[in-house]
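First comes the structure, then the notes that go with it.
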Amino acid sequence: MLKSFDIYNQNNILKIIVALNLLLVGTGSLLYTNRLISRLEDREEQYVQLYAKALGYLYGSSHPDAGDLTFVTSEILQANQTIPVIYVNQNNQISAQRNLDIPEGTTDDQMEPLLRQKIVDMKKKHPPLIVEMGNDQRGLVYYTNSRLLRQLTYFPYALLAILTALGVLAYLAFSSSRRAEQNRVWVGLAKETAHQLGTPMSSLMAWVEYMRSDPDQFDVSITDEIEKDVQRLETITARFSSIGSVPTLKEENLNEVVQQLIAYLARRISTKVKMTFATQLPPDQMVRVNKLLFEWVIENICKNAVDAMKGVGGLQINMLPLSQRQVAIDITDTGKGISKVNMQKVFSPGFSTKKRGWGLGLTLAKRIVEEYHQGRLFVKSSEVGKGTTFRIILNIG
């Protein structure tokens, strides 16, 4: 026998695979680029050392080989076209500079402070190189990384940013695909259920009329109860038919809507479950809801609560006003509670602790409250072995 296949969790596996690949590519690129940067830094430092030695030969007139190497050292000095350098002689005077970004229009009076500031910045990046001038005289060469090296330094971070953006886009794409898949499942299931209910409902309505035509044979009270259940089936069919389309919201008296539903449920759940209702709302409290769908939400939560209590316990519905023009409906049971592991899963499609069922009841309830009514549905509190409280928040007006 094939094991059940949870189609909704497959996208999570794909997300993990994509994330791991992005992480591996990003980490590998970062390590490789850092290796290149380190090697290039060493090479540039060697080049600047050569540059400094050439300065020593060129400016150190007392050096024994200075005259013979003037041409060679000049070629070496001119060869540096990329590394920003500043040479300070033994008298702490700036004698030469090369490859610096000097703003246009900089005057001679402005040049000295500008170069001194650049020396300060260069010292933060690299220690200066000593130029031996002979006769115990020394100069200093200050330098910083070339533009190419700076660009290469920033490259891995830019690459990581790009990979992160791709990861986010992939996550959004998977999430969108998952939501679209859920919508297709919900809508298709709902429409097919409504269609399948149509034929037996018509037959049941005909049987009710037949039973009413012969009150001597069929007890009127029984016929009335059957008719109520047939009307309930009509309501359920209308609910399923409305899934997938934008529902119409109307001003409804919230107290009446909830009380009527509780009265109906109280006669159809276990007699060992004690249902209580309390409200702190004004008697005429109006809220914009779709009555059919909103009743479905309350019914789903209540039935789940009865299942959690295994048909024995207490079920309390409490309605109260909140600040900022909101009302809350708390549904509390004395069931087995929800573990911390399952707390984040109770609204996930396909999740169920029962052996039977699709695991879509709370998922649909959350969607109805949050997407159709712009409210909130969440687990307010839960303790294993003691019970759970679900809270619905609706906006007034």
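A ring pair (Phe, Tyr, Trp, His ring centres under 6.0 Å) check over residues 315-339, counting only residues at least two apart or in different chains, returns nothing. Identified under the ring pair (Phe, Tyr, Trp, His ring centres under 6.0 Å) test for residues 255-286, with sequence neighbours left out: none. Each side chain to side chain donor-acceptor pair (under 3.5 Å) pair with one or both residues in residues 276-285, not counting sequence neighbours, appears once here: Asn255-Thr279.
Judged by distance alone, the side chain of Asp333 and the main-chain N or O of Thr388 form a donor-acceptor pair under 3.5 Å.
In this structure Arg288 satisfies the salt bridge (charged side-chain N to carboxylate O under 4.0 Å, His left out) test with no other residue, sequence neighbours excluded. The side chain to side chain donor-acceptor pair (under 3.5 Å) search around Thr223 returns none, not counting sequence neighbours. Taking the ring-ring contact (aromatic ring centres under 6.0 Å, His included) definition, one finds that Tyr143 meets it with His126, sequence neighbours left out. With sequence neighbours excluded, no residue satisfies side chain to side chain donor-acceptor pair (under 3.5 Å) with Gln259. A search for side chain to side chain contact (heavy atoms under 4.5 Å, CB included) contacts involving Gln326 returns Leu322, Ile393, Asn395, not counting sequence neighbours. With sequence neighbours excluded, the residues satisfying side chain to side chain contact (heavy atoms under 4.5 Å, CB included) with Lys125 are Thr144, Asn145. Every side chain to side chain contact (heavy atoms under 4.5 Å, CB included) that Val257 has, sequence neighbours left out, goes to Glu252, Lys291, Phe294, Glu295. Considering only residues two or more places apart in sequence or on other chains, Leu204 meets the side chain to side chain contact (heavy atoms under 4.5 Å, CB included) condition with Val230, Leu233. A search for salt bridge (charged side-chain N to carboxylate O under 4.0 Å, His left out) contacts involving Arg212 returns Asp224, Glu227, not counting sequence neighbours.
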